[in-house]
Each structure stands twice: as C-alpha cells, then as structure tokens.
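Only one structure is covered here, and it is reproduced in the block below.
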Amino acid sequence: MTTSVPCAFCGVVATPLVCSGCRTAAYCSKRCQRTGWKAHRLECPLLVTRLHRSRSLKTHNPAPRGTGEFLDGSAASTDAFAAKRIESVRPKEDHHAPGPYGIIDCAGMGRGAAAIQHLKCGDLVLTEAPIASVPQQQYQSAVCHRCYCQLGASTQHLQCTDCASSVWCSVACKTEAKGSHRIECAVLQQFEPRVREKLHGLRFFMQLATLPSPTAVVSPAGFASTKTPELLDGLVSSVDRVTPKALGISRDRIRECIVAVEANGFFIADLDGRRLGSGYYPSAALFNHSCAPNAIVHFEKGRIEIRALRHIAPGEELRISYTELYRPVVARREALLTKKNFLCRCVRCDAEAGAGISSHLEGFSCPTKGCPGYAVHVNADVKCLLCEGLLGTSADVLKQCEAVSAMRMKAGDLLSAGKYHECVVAVENGLKLSNGLLDALHHERFELAVLAVDAFSLLRQTSGKDLPFALAAIAAMRPVYGYATFNPRALRMLQHIVGIYYTLAEESTSEAVCLMRRQQAKAALTSAVQVATTICGSQSTSAQALTLRLAEE
C-alpha cells in the first residue's frame, strides 16, 4: 500500500506523484508538480547527488533495486552491497543509549553512528537523558532544571533550600537531579546569591568533571579548541579553584571536559527555537554533521531524540545538522569553523562550492519576465543562468544587496528590542528593496520573512497581513530541507499559518470564502500533524495536541 505524504508544493497529504529524477519530492497532483518545478529544479540535482554518494562510508548508497559498487569498483547485488557496508559497523559501548545504530570510524572525523537496520522516515533512532545539563541564564527561573518544562507564575515548583539556584517542577525531577546537583550545590554556596545565577558555564563543567564514569565525556580525537590557550587556561583555573580538593579532579580532566563540551555539547531547544539550556549526551555526540542530514534532533522533557528524516539503509551513516541549513555554503562553513573548528565537506557543501553558488540561496532575480531561472555573477555582470538576461553590473547589484542586508539587520535588532511593529515595517521595506533584485528563495528574503512571522507571533496577532510572510518562509524551506520540510521551524510556520487561516475565516462575511479558509487551515493543520509526528513522535505533547485539534475539525 502506498503511504500518503505531504505535497512538496501545497502541503496537502495525499498519495504522491514522485519526481522521476531524485525520487524524493512528492506531489498531490500534476498541477502541483508543474507549479513546483521552478523551485524543485534547483534542488533536484543536489538530491540526486545525495542519493548516490556517501562520503563518510566511501561508497555509493545502495539503490532500492539493481546493483551497487564496492570500493574496488566491482559491482554487486543490493543484498551483498548492504552486507559489506554493515561489516564496518561496531556494536555500541556500555555507556551508550540503546537504539538501531552502531559505531563506525570516519576518516578525518573520528567516530560516527551508522544504522544497523532499515529505518523509515520518522523512526526513532535514539532517545537519551543528559548526563549533565544547566539552563541558560535568562531561563534560570522560567524552566524546570531537569525536564525543562515551562514554570508559569501559578505553577507550583520546588526550589533548592541550600543554594536557591535550582528549581524543579516536581518531586520526581528533584529526585532525579539529586546526584548531579549535590556537588554543584556545595560549590554555589561559596558565592553570593546575585552571582550564582551567572555561573551557567561553571555549573555545567562541574557536573561533567565530577561524573562517576569519566569515559562518558571524552573530547574527540584530533579536535582543537577554538578558544585561545589563555582563555582555556583561565576557564580551567576558574573551575579548579572552586572544585573541592577531596574529589581529586585534575586540571587535565577539567580541560578535557571543557573541550568535550565545545565539540559535542548540545543546546536544549524547544519547538519555538528558544535555547533553554545546555546538555551533554554521550550517545548523541557520536552523530556527525551534514548540511543534507538524514536525521533530525528534537528535545522532549530534557531528553534528546533523534529520528530518521528519510529511508536509511543498514550501514549508512546517520548524520544530523549542527547549523542553519538555509544559509549559503560560505556562511555555513564559516559558522562551523567558528563554533566547531572544522571545514564541512558534506555532499551538499561540496556540490554547492563546486558550482560557485548555493543554488537559489544566493541567486538574483532574472530580468526576463516568465523565465524560471535565476541570475549569478558572471565576470563583472550579473546574468541569468538560463536566458543570460542581464540584471546589472556586479558592483551595482552588490550595493543594492547591502541595503537589503542592512534592513534585515535593523529588523533583527528591533525584534530583539521588543519593537515588534517597527520590526514588521523594516521587514516590509527590506522585501520592497529586494523585489526584482533577489530570487524569491534567496536566503535574505527568507530571513526577512521569518523575522516578520516571529514579530507577529510575539504580538499574539494572526491576520492576513502576515500570511504572505509565513507562506514565503515555508516555500523557501522546501528546497533546503527536502520535500517534506521536517524541521521545527517549518512546524512553527505551519501552526502560524493555521491560526491565520482560522482568523481570516472568522472575519469573512462570505460563506464560500469562510469555507475555503477553513479548508486551507485544515490542509495546513494536516501537514503540521505530519511534521510533528515525524520529528517529535506520535506520543509527543505537540503531536497529540495537533492531532486532537485536527480530529475536532
């Protein structure tokens, strides 16, 4: 039986028509397939490359049918191919969480995780509690320090009576945190109350350094910290100065924990993208990065969950993303170099770097009306790749782009300052400047649209004014994240679109328009349920709430 999936263009869940090129993008009808081709034609070659290359295992991915190819170039059947790939996968170590994955050695990248069985889209690969975690300073009193649930003003919670720095939502969470909090509590009491809430990093390193099983926290082989030697020595001295000497923790052990956090630590984020805290997960640390990931990270009550984003064959390396996927290749690589100290050589980065442009993410508008192409820098001019229409000189186009970037940064500053109405105005001005200049899916336009949606969300307003922004953001995600847009940001946008359509339905005076808006809301809600189920699981709070809302329609 054929599985129904969301249409890559309109989001309606239906029996799919699949792209014959990449075999990934699915559509509900021929009309949507033709309409969505303008965007999909840009990502299709990258998806084909991703399906036929696996740099981490130095082999091609096995096709559903036919033959594969071994390292020596000899052909083999799919079954033999998969068997040979999985030979290199080692069993997990004792301190690793259970799941359908094993350990592999990745050239130049240390260890990695690979599937040991066939995985479907949405399958749970790993769930693991942190061995150490602390909330960010701005959320110290807003979330439980164990499960990271929200603590409202009327919510009953428990506070540590000794250090008054940790709060929990229940007796169960307080009991679970007792072991890791005992030592840091004694250390925190050495400081004045007004200083304790600023010791986020110290608490994190203290928890890791005092673990009974030090093998769970190991810095990757060959990883070099991005911190200067002076800064690293200063951090080690700060932790060592307040660590009880009776514990016998050496400076080398403290240094190793600090470097391990830099390499393999995770921000604990909710579905709204807020970084609530930091956590260390030994098993999740095995999963390497890719800008074309086949798995995704989600946090549920402080636990990390990793789920498959597509079909994954046994022996294929499991990869997640460490950075924003909508950024161009240069920006992604720069961010990873700055934060993780490695140059990304994933399939997508190599393909985009080789082409000299990150597909539509950096493309300019074609000046020829009706042309589905986008323009790029050609010598000193900006020309369309398809019709060779001239947009202008590179110098003039770059000057206009700087104005758009300045407006986008201004909108971001206004959002951070809580000036949401002014932020929306700045976004509208930025989009006006980009009309006829940037391609519809350019990353600057996408970031502007996201800022506008965030501003409307914080204003607690849903109206027809922000519908174009939300739809533009969703449209820009599809060519970047894949046909189903399975990621928390897309889920947030879909939920916002649902609210907008329901608001428009209530405000409509026409019965026909009201019915149309409610149908659009139901279609978006169906897509939101599909995304939430895939990235969070059917038993998650988010998926159950959306499913219940859909059942009420």
Side-chain angles (χ1 to χ4, degrees), residues 1-8 10-16 24 26 28 97-101 113 115-130 144 147-150 169 172 266 268-274 276 281 283-284 287 293-313 318 320-321 474 477-478 481-499 502 521-553:
M1 184 176 68
T2 305
T3 304
S4 296
V5 298
C7 172
C10 69
V12 173
V13 177
T15 303
T24 299
C28 64
Y101 68 96
I116 58 175
Q117 66 185 48
H118 284 283
L119 298 173
K120 304 187 300 296
C121 181
D123 279 356
L124 182 64
V125 178
L126 166 73
T127 177
E128 181 182 26
C144 170
C147 71
Y148 290 86
C149 69
Q150 298 291 320
C169 65
F266 285 85
I268 301 173
D270 61 11
L271 288 174
D272 290 328
R274 295 177 299 178
L276 304 178
Y281 304 82
S283 304
F287 290 69
N294 56 10
I296 191 167
V297 169
H298 165 65
F299 294 92
E300 187 76 20
K301 295 182 178 179
R303 297 180 65 90
I304 193 171
E305 293 184 355
I306 298 179
R307 296 179 181 273
L309 278 176
R310 57 174 174 81
H311 170 79
I312 300 174
L318 295 159
I320 57 179
S321 174
I474 282 288
M477 286 181 196
R478 289 194 175 95
Y481 287 94
Y483 79 95
T485 63
F486 289 142
N487 62 86
R489 177 169 281 169
L491 178 60
R492 182 158 55 94
M493 294 298 168
L494 285 168
Q495 290 176 295
H496 196 69
I497 289 171
V498 170
Y502 278 130
K522 186 174 182 180
L525 184 57
T526 302
S527 296
V529 170
Q530 181 82 2
V531 173
T533 302
T534 300
I535 65 175
C536 308
S538 59
Q539 300 304 312
S540 66
T541 304
S542 302
Q544 288 184 340
L546 289 168
T547 303
L548 179 62
R549 187 174 180 182
L550 182 61
E552 293 173 350
E553 288 299 312

For this session: Using salt bridge (Lys or Arg N to Asp or Glu O under 4.0 Å) as the criterion, list what pairs up with Arg303, not counting sequence neighbours.
Result: none
Seminar exercise, completed: Across all chains, not counting sequence neighbours, the salt bridge (Lys or Arg N to Asp or Glu O under 4.0 Å) partners of Glu305 are Arg307
For this session: Compute whether any side-chain donor of one residue and acceptor of the other, for Glu128 and Ser283, lie under 3.5 angstrom apart.
Result: yes
For residues [X] and [Y], report the shortest heavy-atom separation together with the two atoms involved.
X      : Y      : answer
Ala97  : Leu126 : CB-CD1, 3.4 Å
Ile306 : Ala284 : CD1-CB, 4.2 Å
Val125 : Ala308 : CG2-N, 4.1 Å
Ala313 : Ala115 : O-CB, 3.8 Å

For this session: Over 60° means perpendicular and under 30° means parallel, so classify the ring planes of Phe299 and Tyr281, tilted if in between.
Result: tilted
When rounded to the nearest 0.5 angstrom, what distance separates [atom1] in [X] from [atom2] in [Y]?
X      : Y      : atom1 : atom2 : result
Leu271 : Cys536 : CG    : SG    : 4.5 Å
Cys121 : His311 : SG    : NE2   : 11.5 Å
Ser540 : Lys301 : OG    : NZ    : 10.5 Å
Ile535 : Glu300 : CD1   : CD    : 10.5 Å

Exercise. For Ala532, which residues count as a side chain to side chain contact (heavy atoms under 4.5 Å, CB included) partner, sequence neighbours excluded?
Worked result: Leu491, Ala543, Leu546
For this session: Go through the structure and list residues passing ring-ring contact (aromatic ring centres under 6.0 Å, His included) with Phe287, not counting sequence neighbours.
Result: Tyr101
Exercise. If we only count heavy atoms from C-beta on, is the Leu525 to Arg549 side-chain gap below 4.5 Å?
Worked result: yes
Problem set entry | Side chain to side chain, Leu318 and Ile312, heavy atoms closer than 4.5 Å | yes
For this session: Please test Ile304 against Thr127 for side chain to side chain contact (heavy atoms under 4.5 Å, CB included), starting from the C-alpha separation and ending with a verdict.
Result: CA-CA 6 Å; Ile304 193 171; Thr127 177; over 6 Å; no
Partners meeting side chain to side chain donor-acceptor pair (under 3.5 Å) with [X] (sequence neighbours left out):
X      : value
Ser321 : none
Gln539 : Gln544
Arg274 : Asp270
Tyr148 : Ser133

For this session: Step by step, work out the side chain to side chain contact (heavy atoms under 4.5 Å, CB included) result for Ile296 and Ile320.
Result: CA-CA 6 Å; Ile296 191 167; Ile320 57 179; over 6 Å; no
For this session: Mind jotting down which residue pairs meet the salt bridge (Lys or Arg N to Asp or Glu O under 4.0 Å) criterion with at least one end in residues 115-127? Sequence neighbours excluded, please.
Result: Lys120-Asp123
Exercise. Are the side chain of Thr533 and the backbone of Gln530 linked by a donor-acceptor contact shorter than 3.5 Å?
Worked result: no
